[in-house]
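Notes follow once the structure below has been shown.
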Amino acid sequence: MNPKHSLIPLLNRSWSDWKLKLVSLLTSRSGLQNLISAAVFLLMLFVAYEEFRRLNDFYSEVFRRAVKRPGSLLDRRRVSGCAFNREIPGWDDLLGEASKRIPDSERVLMLPVGPDPPGQHSAHCLLAYELFPRQIIRVYPGKKEQLGRDYLTSIAESRRARYFILYGADKNYDPPFAHCRFGEGLLLVDVKNEISCKPDVN
Amino acid sequence: MLIKAALSTIFLAIIGRSYLRLSLPQSTGWPLSEKLALSWLIGAGVLGWMTHVSLLLSGRVSAAVWLIFGMVLVVDAAIHYRSILTFRPSLTGLRKISVGRISFAALPPLAFLVLQCACLLISSLWFTQGWDGTILWDLKAKAIYLDSASNPGALMAYLNSPTSIHSHLDYPLLLPSCDAWVFFWAGTADEQALKLIGPAFMLSLLALMVRSLTQILPAAHALLFACLLTTASYLFNHSKTGYADIPLAALAGAAAIYGADYLRKQTSSSLFLMALFTGFATLVKKEGILVAAVIPIAMTITLLFARKPADGVRSLLKSACLIAVIACPWSLFLMIHKIPGGDFAPISGAIFTANWNRFMEVIAFMPKLMSERELFGWFWIISAIVAIAGVARWNRPNVSFLGLTCAGYLAAVAAIYIFSAWRPYWTHVQSSLSRLLMHIAPVAVLFAGHSFAEQFFSKPKSDLYAPADLGHPPAQPDKQEAPVA
């Protein structure tokens, strides 16, 4: 039997080869570079995998919706960037009427009624965008302020505005000027008393 | 409406392609992904610039601006009608995408990147524009749209309205111009039509980044660096909204990509694109001025040390001229019409002396914010580790340029809070710093990538490019143009 082909010298030789490779990997410049390169590659692969794992449910939801119910991707199209859902009854009517009645150059005062009605910031943001170029100015009434004729007239005069949008008003609240009511707590008021609404709106 | 919006977005990119081809004829031979990304960014930038010029000269943005912007198609078609008829440029670009040459190691990051991009596009449909997206940017877009259509003078009235000061009247109009373009073609100012604008900027940035990094890294590594950017959830989620931070990050990233490219290859087209995108950054947000200050300075410092001082001065002058031409119309408009801005006090020595300690406080807060897992995941930590692992290569011109840009921008961001007019100023820091950090995130990835990639230069090019190449040629100067002297 040729000693060159025997098992023990073969193993011995391959172990020596591996030893040399290992030493050169750890000591030579290119070997170290390869190690760093592999480590960085694995590290970033791990980060990508972690992100994939974290978003797994999100991916499933996205693709399930896209494949099974593509229409549902547009479900939230009624939600404005202001985080305001326009599905609340009356809003479309208010925006339509206000766009129709109020001239572009007019100022409109938005007045939250009652102590901090929910969603007032979002409502102002939506009104500012949707009713542009009309200027929507937010007014903060004092806590003890009565929203009577004198108060509304004075702030309308001081801001040189004619229309109010009252937000969050009690359903029993009856403004002292001509007005239109849109859904619950949403009123368009004209301090010149010239506004008139259809019976189904008012 | 979404179809109209998508078509108008594509149309904007087609017009941008014409501007690219006319300004850089050699770009016809570039890879398709790079051309698409550049077309979108250049189209958006030129449209924004034209809006500002029109506003400065005539006080409004008439529909003629859209027409003049699109006229370039006719000019381009007249000059390049032969190549358009034969579709030669497109085929050249397509030929460069050879899927068969992607290595096995590149498949997982490629799959992840495709997954992220697909998710971004689909999920952007049901994400809203976000609060700032609507009240700051979409409102300006609506003003431009109405000004050019049914209500001339609406934009000027809005910009001069003291009641609208909360919507940052002094912010420039590049993003609102793109939005108004979509409104114009959709025929209505519905914020739902703007869902694809943010993703378009993000995808352009990713395409340019992959293209740039595959020139210096094996494809698997290059794709992983692009993946790393998408793991910064705060950044990636913002691309589904209408915030201007993503366009600014995309333009800053593109400027850094071509700046580093210029230092490696010395092609005049790279310097031109760097200056162009730096200039466009000033038209996106006020913070773009920081980008426009930091990038040319970083480039000049790098060139002063790496090459002859004359090179540095020449590149600075060229960049400064182009940036000034782009930025001037809006700055002049603000000066002439005295448009107020509310966030910062005027720069003065007294304020600086009184508030200089804010700089150190903000700098000290940055690492804490960067390491917040909910905001940026592992992004900043990994970028820092990889960049530090390549510290021995920071003396290379392209690496030092990117490092200087990162460090300079972070220092500039910390410095601006010295002049914050908010009381207390820390609320200003808390509400805006995380977004400001996003702007420089693409440059940080590039810095890490270039620090890491320089080690591959010692290897034979065949080792580097053959197995893992995405089909791009190895890094070398463009054949069509001579290196800058």
Side-chain angles (χ1 to χ4, degrees), chain A residues 29-30 32-34 36-52 54-55 58-59 61-63 65-67 70 72-85 104-105 107-109 121-122 124-126 128-138 159 161, chain B residues 2 105 108-109 112-113 115-116 118-119 122-123 125-135 138-139 142-143 146 151 153-155 157-158 161 163-164 166-167 189-192 218 220-221 224-225 227-228 230-231 233 241-242 377-379 381-382 385-386 389-390 448 452 455-456 458-459:
Chain A
R29 188 159 176 257
S30 64
L32 271 176
Q33 279 175 352
N34 282 336
I36 293 171
S37 167
V40 167
F41 182 82
L42 289 175
L43 189 64
M44 289 201 296
L45 203 60
F46 171 74
V47 170
Y49 171 72
E50 273 289 299
E51 186 68 4
F52 174 76
R54 191 177 72 83
L55 296 175
F58 178 67
Y59 294 139
E61 193 200 341
V62 169
F63 289 111
R65 284 174 77 163
V67 172
S72 71
L73 293 172
L74 302 174
D75 274 352
R76 297 185 69 214
R77 65 189 178 278
R78 302 277 297 157
V79 180
S80 159
C82 313
F84 193 85
N85 194 341
D104 287 352
S105 56
R107 289 177 169 193
V108 182
L109 302 179
H121 304 296
S122 301
H124 174 247
C125 171
L126 182 80
Y129 179 75
E130 292 293 338
L131 294 181
F132 184 86
R134 299 156 196 88
Q135 294 177 39
I136 310 296
I137 302 166
R138 200 155 152 206
R159 312 280 176 126
Chain B
L2 267 176
F112 180 72
L113 197 60
L115 182 69
Q116 288 279 72
C119 264
I122 297 169
S123 61
L125 295 179
W126 83 71
F127 265 68
T128 70
Q129 288 290 93
W131 191 282
D132 279 13
T134 302
I135 204 69
D138 296 358
L139 195 62
K142 192 170 181 180
L146 292 179
N151 196 333
L155 181 59
Y158 162 72
S161 157
T163 57
S164 304
H166 61 275
S167 62
D190 188 335
E191 59 179 301
Q192 305 298 327
H221 288 78
L224 267 178
F225 277 104
C227 289
L228 185 63
T230 69
T231 63
S233 49
T241 67
W378 291 96
F379 172 78
I381 296 167
I382 299 294
I385 289 172
V386 177
F452 179 66
Q455 64 181 296
F456 290 100
S458 55
K459 292 184 176 182

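Everything numeric here is computed off the predicted structure, so don't read it as measured data. Residue numbers begin at 1 in each chain, while the letters A, B, ... track the order of the sequences.
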What's the shortest heavy-atom distance between [X] and [Y], and which atoms?
{"X": "Trp126(B)", "Y": "Glu61(A)", "answer": "CZ2-OE2, 4.4 Å"}
{"X": "Leu131(A)", "Y": "Lys142(B)", "answer": "N-NZ, 4.5 Å"}
{"X": "Trp131(B)", "Y": "Cys82(A)", "answer": "CZ3-O, 3.2 Å"}
{"X": "Asp190(B)", "Y": "Tyr129(A)", "answer": "C-OH, 4.2 Å"}
{"X": "Ala105(B)", "Y": "Phe41(A)", "answer": "O-CZ, 3.8 Å"}

Could you grab the distance from atom [atom1] of [X] to atom [atom2] of [Y], nearest 0.5 Å is fine?
{"X": "His124(A)", "Y": "His166(B)", "atom1": "NE2", "atom2": "NE2", "answer": "5.0 Å"}
{"X": "Met44(A)", "Y": "Phe452(B)", "atom1": "CE", "atom2": "CZ", "answer": "6.0 Å"}
{"X": "Glu130(A)", "Y": "Leu139(B)", "atom1": "CD", "atom2": "CG", "answer": "10.5 Å"}
{"X": "Leu228(B)", "Y": "Glu51(A)", "atom1": "CG", "atom2": "CD", "answer": "10.0 Å"}
{"X": "Ser233(B)", "Y": "Phe58(A)", "atom1": "OG", "atom2": "CZ", "answer": "11.0 Å"}

Aromatic plane relationship, Phe112(B) with Phe52(A) - under 30° parallel, 30 to 60° tilted, over 60° perpendicular: perpendicular
Most chain A-contacting option - heavy-atom pairs closer than 4.5 Å, from [options]:
{"options": "Leu2(B), Leu115(B), Val386(B)", "value": "Leu115(B)"}
{"options": "Thr230(B), Leu224(B), Thr241(B)", "value": "Leu224(B)"}
{"options": "Gly377(B), Ser161(B), Gly390(B)", "value": "Ser161(B)"}
{"options": "Pro108(B), Ala189(B), Ala154(B)", "value": "Ala189(B)"}
{"options": "Phe225(B), Trp378(B), Phe379(B)", "value": "Phe225(B)"}
{"options": "Ser123(B), Gly133(B), Ala118(B)", "value": "Ser123(B)"}

Taking side chain as everything from C-beta outward and backbone as N, CA, C, O, which of these in [X] sits under 4.5 Å from a heavy atom of chain A? Side chain, backbone, both or neither.
{"X": "Leu146(B)", "result": "side chain"}
{"X": "Asp132(B)", "result": "neither"}
{"X": "Ala157(B)", "result": "neither"}
{"X": "Leu155(B)", "result": "neither"}
{"X": "Asp138(B)", "result": "both"}

Does any part of the side chain of [Y], heavy atoms only, come nearer than 4.5 Å to the side chain of [X], both counted from C-beta?
{"X": "Arg54(A)", "Y": "Thr231(B)", "value": "no"}
{"X": "Ser80(A)", "Y": "Glu191(B)", "value": "yes"}
{"X": "Pro109(B)", "Y": "Leu45(A)", "value": "yes"}
{"X": "Tyr59(A)", "Y": "Ile122(B)", "value": "no"}
{"X": "Phe46(A)", "Y": "Ile382(B)", "value": "no"}

Using non-hydrogen atoms only, which part of [X] is less than 4.5 Å away from chain B: side chain, backbone, both, or neither?
{"X": "Tyr49(A)", "result": "neither"}
{"X": "Leu55(A)", "result": "side chain"}
{"X": "Ser105(A)", "result": "neither"}
{"X": "Arg159(A)", "result": "neither"}
{"X": "Phe84(A)", "result": "neither"}

Of the listed Leu43(A), Ile136(A), Asp104(A), Val47(A), the one with the largest count of heavy-atom pairs under 4.5 Å with chain B is Val47(A)
Out of Ala48(A), Ala66(A), Pro133(A), Ala83(A), return the one with the most heavy atom pairs under 4.5 angstrom to chain B.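 That would be Ala48(A).
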